[in-house]
Protein chains: 2
Amino acid sequence: MDETSALTAFAALSNESRLRVVKALVEAGPDGLSAGEIAERLGATPSRASFHLSALADAGLVTSTKQSRSVRYAVRFEAMGGLARYLLEDCCKGNATARSCCG
Amino acid sequence: MDETSALTAFAALSNESRLRVVKALVEAGPDGLSAGEIAERLGATPSRASFHLSALADAGLVTSTKQSRSVRYAVRFEAMGGLARYLLEDCCKGNATARSCCG
DNA sequence: AATATATTTCAAGAATCATTGAAATGAAAG
DNA sequence: CTTTCATTTCAATGATTCTTGAAATATATT
């Protein structure tokens with residue numbers, strides 16, 4: 001994860017709708033959710049959900065796979081962990097206090 | 001760390017100038033840097049540096065302490081770790097792939 | 001007291017981001 | 001092949017964020 005990717009990922013997670021999407025996808029498990037299901041849970045228009053899903057996908061935090069006529073989204077845990085690693089190692093240089101979050 | 005604080009922290013870190021400030025403060029160690037030194041490293045006007053420093057302080061990611069006529073800023077490692085923890089535990093529910101960043 | 005230094009605050013404008021609804025795309029069903 | 005369903009794209013508008021320079025604040029020095 002380089003600085004540019006980290007900036008994009010932080011920006012993606014700095015929006016309430018998008019953070020809620022990520023949490024819903026984590027809850028949903030490996031099969032994830034379709035764009036429509038996500039829009040419904042968000043109480044958002046399809047267009048609005050699609051906008052936020054694109055931001056998350058561009059940041060590499062979710063995958064999208066087309067299945068017949070719907071699109072399923074799932075969280076990319078390795079990207080989430082990669083961002084946490086960036087925070088702890090690249091930003092904080094492995095500082096012990098910061099790393100205590102790894103418990 | 002609640003969701004609102006996490007959103008503010010992600011927003012704070014989603015800006016290149018502010019991410020550079022955090023890295024500079026980590027490099028600088030416990031004594032941190034003055035607002036003027038930070039502005040200089042950033043190649044930014046004092047006003048612009050102050051704007052970004054306020055965002056980082058509001059997010060709880062840095063502390064500011066007035067020392068005679070300058071203001072010293074330092075990184076709050078527990079807040080950085082708290083954000084990483086939020087990412088791994090609250091968002092990812094402790095998922096093992098995400099947590100592998102703790103290596 | 002007057003001046004210099006360090007920083008913040010403020011107002012204005014530029015740039016970016018988010019929401020909306022309509023139109024476009026594409027895949028399935030009748 | 002037309003219609004329906006799921007999603008994305010687009011253009012317009014509104015909202016937020018960023019930058020700039022000037023003015024304000026506060027502390028130190030002469």
Side-chain angles (χ1 to χ4, degrees), chain A residues 3-25 28 31-76, chain B residues 3-25 28 31-76:
Chain A
E3 179 168 303
T4 304
S5 310
L7 284 168
T8 308
F10 285 134
L13 295 176
S14 72
N15 174 279
E16 185 177 359
S17 300
R18 289 191 295 260
L19 194 53
R20 282 174 55 201
V21 169
V22 170
K23 287 180 179 178
L25 291 177
D31 288 349
L33 296 168
S34 71
E37 289 167 326
I38 292 167
E40 199 174 14
R41 293 194 190 201
L42 228 46
T45 61
S47 152
R48 185 173 153 225
S50 181
F51 170 79
H52 287 304
L53 286 166
S54 293
L56 288 169
D58 288 352
L61 296 174
V62 305
T63 59
S64 74
T65 51
K66 194 153 199 176
Q67 250 181 34
S68 101
R69 63 186 150 177
S70 63
V71 178
R72 295 201 80 76
Y73 286 88
V75 73
R76 285 192 60 228
Chain B
E3 178 169 303
T4 304
S5 310
L7 283 168
T8 308
F10 285 134
L13 295 176
S14 72
N15 174 280
E16 185 176 358
S17 300
R18 288 192 294 260
L19 195 52
R20 281 174 56 202
V21 169
V22 169
K23 288 180 179 179
L25 291 177
D31 288 348
L33 296 168
S34 72
E37 289 168 327
I38 293 167
E40 199 174 15
R41 293 193 190 203
L42 228 45
T45 61
S47 151
R48 186 174 152 222
S50 180
F51 170 79
H52 288 304
L53 287 166
S54 292
L56 288 168
D58 288 352
L61 296 174
V62 305
T63 58
S64 74
T65 51
K66 191 153 201 174
Q67 249 180 35
S68 101
R69 66 187 147 176
S70 64
V71 177
R72 295 199 81 76
Y73 286 88
V75 72
R76 285 192 59 228

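What's counted below: heavy atoms across the whole structure, side chains too, no hydrogens, waters or symmetry copies. All chains are named by letter (A, B, ...) in the order of the sequence lines, taking the proteins before the strands, and each is independently numbered beginning at 1.
- A search for side-chain hydrogen bond (donor to acceptor under 3.5 Å, both in side chains) contacts involving A:Ser17 returns A:Arg48, not counting sequence neighbours.
- The span of DNA chain C lying next to chain B, judged by atoms under 4.0 Å from heavy atoms, is bounded 5' to 3' by C:dA4 to C:dC10.
- No side-chain donor-acceptor contact under 3.5 Å links A:Arg41 to the backbone of A:Arg20.
- Residue-level contact check: A:Ser68 touches the backbone only, with heavy atoms under 4.0 Å from sugar-phosphate atoms and none from bases.
- Considering CD1 of B:Ile38 and CG of B:Leu53, their distance stands at 4.5 Å, rounded to 0.5 Å.
- For A:Arg18 (side chain) and A:Leu56 (main-chain N/O), no donor-acceptor pair under 3.5 Å exists by modelled atom type.
- In this structure a side-chain-to-backbone donor-acceptor pair under 3.5 Å is present from A:Arg72 to A:Asp31.
- Side-chain proximity of B:Arg69 to D:dT20, D:dA6, D:dT29: nearest is D:dT29.
- Within the 4.0 angstrom heavy-atom criterion, only backbone atoms of the sugar-phosphate kind lie near A:Ser70; the bases stay farther away.
- Contacts between residues 9-20 of chain B and DNA chain D, defined by a heavy-atom separation under 4.0 Å, are made by B:Asn15, B:Arg18.
- Residues satisfying the side-chain hydrogen bond (donor to acceptor under 3.5 Å, both in side chains) criterion with A:Thr8, sequence neighbours excluded, are absent altogether.
- Under the side-chain contact (heavy atoms from CB on, under 4.5 Å) criterion, A:Ser47 pairs with A:Thr45, not counting sequence neighbours.
- Atoms CZ and OG, from A:Arg69 and A:Ser34 in turn, are 12.5 Å apart once rounded to the nearest 0.5 Å.
- Atoms CD and CG, on A:Glu37 and A:Leu25 in that order, are 10.0 Å from each other to the nearest 0.5 Å.
- Looking at residues 49-65 of chain B, you'll see B:Phe51, B:His52 sit with a heavy atom under 4.0 Å from some atom of DNA chain D.
- B:Leu33 places none of its side-chain heavy atoms less than 4.5 Å from the side chain of B:Val21.
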